[in-house]
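These notes are about the structure you will find just below.
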Amino acid sequence: MNTNERSGESDPVSQVRRDMLNAVCILLGLGASALVAAPVVGFLLAPFLRPKPRLWRPVGRLQDFQVGQTVQVKFARSNPLPWDGFLAETSAWLRRETEGYLIAFSINCTHLGCPVRWEKNAELFLCPCHGGVYDDSGNVVAGPPPRSLVRYPVRVTNGNVEIQTTPIPLV
Amino acid sequence: MLRFLIHAWHTIDDRLGVRKYFLPIIQHPVPPDTNWWYVFGSATLVTFIMQIVTGTVLATIYVPSTAHAYDSMQFITRDAFLGHLVRGLHYWGASAMILFIGIHSVRVYLMGAFKYPREANWLTGSVLMVLTLGMGFSGQLLPWDQNAVWSVIVGAEQAAKVPIVGTALARWILAGQMLGGMTLSRFYAAHVFFFPGLMFLVLGLHLYLVIYNGISEPPKAGRPVDLKQYRAWYEHMIKTEGVPFWPDAAWRDMVFGVLLVSTIFLLAWYVGPPALKKPPDPTIIDASPQPYWYFLWFFSVLAMSPHAGETFLIIATPSVFFIVMFLLPFIAHKGERSPRRRPWAVALVIMSVIIIGVFWYEAKIHPWVPDFHAQVLPQSVVNSNDPAVIHGASLFHERGCEFCHHVSGYGGHRGPDLTDIGNRLSSQQMMTFIMNGGYNMPPFASLLKANDANDLVAFLQSRKVSGNSQALTRTKQ
């Protein structure tokens with residue numbers, strides 16, 4: 001057997017056959033791998049291919065919000081999954097600036113996304129992570145944040161205040 | 001009976017090749033003068049095995065669902081038989097693994113063991129380091145408490161600052177545009193399948209290279225690595241002076257490994273895993289997210305960088321670190337190995353340790369976090385009958401000054417301590433500061449009524465420390 005193989009090495013026909021087998025094996029392997037890789041990579045992209053409808057979510061009656069007050073409101077996120085659990089809800093800071101003018105601030109600090117707190121008496125938003133400070137209009141007044149708090153679209157329909165679901169702001 | 005056992009062993013050995021292939025590997029010859037500096041790699045391996053074992057059993061109870069992960073973690077920590085201990089082993093094992101992979105790489109760097117012909121050992125080790133940090137980050141998220149949720153967001157926001165691909169990267173971390181059911185599942189899959197799978201592969205390669213290239217001999221000043229002669233020199237040295245790895249050198253690894261496992265066990269038993277924070281409800285605003293200790297120092301880098309250059313700093317620093325780490329064996333693969341002849345390498349290590357240590361210390365006291373639970377200043381501190389001062393003191397608390405400023409043991413540390421501010425600033429200077437704010441202080445011009453501002457200044461002017469006690473505080477400091 002060994003002898004046969006050795007003699008085959010010098011045989012140009014065997015060598016061609018060997019080269020061809022080599023190429024065919026590699027090609028077949030690559031083809032089979034691609035057959036599995038394509039759906040696998042596609043599956044990993046699943047979260048990004050889901051529809052993300054921007055929906056208006058009611059957060060309360062207009063008369064419940066006093067002029068000059070900033071309060072936290074909660075609402076369901078867009079396109080939730082049945083097992084979202086704690087993550088089904090998201091929230092915003094709602095400020096009724098004047099009778100007819102409402103502002104909805106994202107709770108995420110523009111520095112690194114930590115939840116800012118409205119401190120009523122100080123009339124400031126403070127961030128617990130790295131000490132960012134914003135005024136009542138969401139403008140940065142101190143600390144590392146690079147820009148004002150992000151605002152969500154807000155509207156009043158039939159006396160209901162509604163906020164539009166919006167992706168987490170990435171700054 | 002004995003003859004039967006011997007026969008059985010020969011049969012098994014014949015079929016498995018234990019003596020032919022396995023024994024020569026663990027008895028491969030190593031330099032005779034290896035020492036206690038050589039135990040950190042095996043220590044990392046020991047912790048890795050511990051992590052695989054404890055992690056696997058934790059997965060028999062843990063539920064990787066955003067709805068139930070927190071409850072299952074509560075159950076593991078509080079109710080499950082030995083759950084507290086096993087979670088503790090996994091946490092302290094992770095801590096030890098990160099610590100020892102760090103020490104191991106510093107040891108290899110200082111002794112120049114990454115030089116020819118062991119460049120690939122260093123590169124596979126670097127990949128293992130990156131994967132270990134990935135395990136540390138993903139593992140910190142799986143308890144899925146409030147801290148974890150905000151860590152995902154902080155991680156994503158940080159990634160978002162990377163030029164060009166930032167947003168895509170951040171969405172990849174979040175698993176979409178918002179946190180949701182898929183966020184945790186993906187981190188779980190990364191932590192228990194993707195990263196460990198890759199680690200097994202790269203670790204196999206790393207260990208193979210350790211055997212193939214041989215364990216580096218302790219460096220000697222004045223004996224540089226010569227690309228042309230090193231292999232022949234090493235092979236000759238090993239042939240003439242080499243000793244079998246098992247047990248001549250391995251006994252130290254065993255002793256250190258046993259001490260390490262015992263220490264991890266004691267820490268898991270007496271200290272236990274970190275307590276779970278509040279539930280992972282992103283609408284709970286009362287949160288103070290902080291990473292586990294191994295990333296804590298970077299947290300203070302984020303807080304303390306100058307605001308203007310921050311984006312550059314937090315992207316560039318880690319990038320430069322990892323780029324240099326992967327380029328190192330290409331730019332410094334020959335020459336002196338001994339730390340005695342590589343003062344810059346030693347200086348770099350000392351500098352890094354000091355810098356990280358300082359950031360760690362700062363993170364421990366986190367002076368930049370507002371004190372949200374600051375107490376109203378008691379009468380004994382206000383110490384005045386002047387109605388303006390008393391009103392000023394209540395404003396100091398109410399209007400948020402006390403979140404950041406310290407007065408006689410009360411309040412935060414973000415801004416300067418104001419206990420003796422009356423000694424240092426005039427009323428006019430105080431008014432200017434209050435109205436205009438500063439680098440990290442908001443201007444209060446539009447927030448304070450004129451009278452309020454005057455009362456606040458009156459209160460601050462009353463913050464005086466008499467000469468003697470001032471001297472006393474100074475000596476104390």
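All chains are named by letter (A, B, ...) in the order of the sequence lines, taking the proteins before the strands, and each is independently numbered beginning at 1. Keep in mind that the numbers below use all heavy atoms, side chains included, and drop hydrogens, waters and symmetry copies.
- Rounding to the nearest 0.5 Å places CD of B/Gln177 at 9.0 Å from OG1 of A/Thr165.
- Put simply, CZ on B/Arg399 and CD on A/Glu123 are 4.5 Å apart, with the number rounded to the nearest 0.5 Å.
- In this structure, A/Arg117 is positioned above the aromatic face of B/Phe372, its NZ or CZ under 6.0 Å from the six-membered ring centre and within 45° of the axis.
- Closest heavy-atom contact between A/Val141 and B/Pro442: CG2-CB, 3.3 Å.
- Only the side chain of A/Leu45 comes within contact range of chain B, judged by heavy atoms closer than 4.5 Å.
- For A/Trp83 against B/Ser185, the heavy-atom pair with the smallest separation is NE1-OG, 4.4 Å.
- In this structure, A/Asp84 CG and B/Met178 CE are separated by 9.5 Å, a value rounded to the nearest 0.5 Å.
- Both the backbone and the side chain of B/Arg171 come within less than 4.5 Å of a heavy atom of chain A.
- Atoms CD and CD1, from A/Gln72 and B/Ile285 in turn, are 4.0 Å apart once rounded to the nearest 0.5 Å.
- For B/Phe194, the CZ atom sits in a loose shell: 12 or fewer heavy atoms of surrounding residues, nucleotides or ligands are nearer than 6.0 Å.
- The two residues A/Ala122 and B/Leu447 have their closest heavy-atom pair at O-CD1, 4.1 Å.
- Considering only heavy-atom pairs separated by less than 4.5 Å from chain A, the leading option among B/Leu184, B/Thr183, B/Thr311, B/Asp286 is B/Asp286.
- Only the side chain of B/Phe444 comes within contact range of chain A, judged by heavy atoms closer than 4.5 Å.
- Of the atoms belonging to A/Glu119, it is side-chain heavy atoms, and not backbone ones, that fall under 4.5 Å from chain B.
- Looking at A/Asn79, neither its backbone nor its side chain comes within 4.5 Å of chain B, counting heavy atoms on both sides.
- Considering CZ of A/Phe86 and CG of B/Asp71, their distance stands at 5.5 Å, rounded to 0.5 Å.
- Contact tally against chain A (heavy-atom pairs below 4.5 Å) for B/Thr167, B/Ile314, B/Leu302, B/Val149: the top residue is B/Leu302.
- Chain A forms the most heavy-atom pairs under 4.5 Å with one residue out of B/Pro370, B/Ser65, B/Ser288, B/Ala287, and that residue is B/Ala287.
- Within a 6.0 Å sphere centred on CZ of B/Phe433, other residues, nucleotides and ligands contribute 12 heavy atoms or fewer.
- Comparing B/His68, B/Met441, B/Met182 by how many heavy-atom pairs each has under 4.5 Å with chain A, the most go to B/Met182.
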Step-by-step side-chain hydrogen bond (donor to acceptor under 3.5 Å, both in side chains) determination, A/His111 to B/Glu310
CA-CA 10 Å; A/His111 178 223; B/Glu310 187 188 6; 2.4 Å; yes

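- Here the straight-line distance linking atom CH2 of B/Trp368 with atom SG of A/Cys127 works out to 12.5 Å at 0.5 Å rounding.
- Counting only heavy atoms from C-beta outward, the side chains of A/Ile168 and B/Glu157 approach each other to under 4.5 Å.
- Interface check for chain A: of the options B/Ser305, B/Gly400, B/Ala303, the most heavy-atom pairs under 4.5 Å are formed by B/Ala303.
- Note on B/Trp144, B/Tyr70, B/Phe403: by heavy-atom pairs under 4.5 Å with chain A, the leading option is B/Phe403.
- A/Leu87 approaches B/Pro280 most closely through the heavy-atom pair CD2-O, 3.7 Å.
- When the options B/Ile284, B/Asp281, B/Thr283 are evaluated for a side-chain contact (heavy atoms from CB on, under 4.5 Å) with A/Ser91, the one that passes is B/Thr283.
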Can you list the steps and then say if A/Cys114 with B/Val154 is a side chain to side chain contact (heavy atoms under 4.5 Å, CB included)?
CA-CA 7 Å; A/Cys114 290; B/Val154 171; 3.7 Å; yes

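- The greatest number of non-hydrogen atom pairs below 4.5 Å with chain B, out of A/Ser78, A/Gly131, A/Gly85, A/Gly143, is found for A/Gly143.
- Formation of a donor-acceptor pair under 3.5 Å by the B/Arg186 side chain with backbone atoms of A/Leu44 is found in this model.
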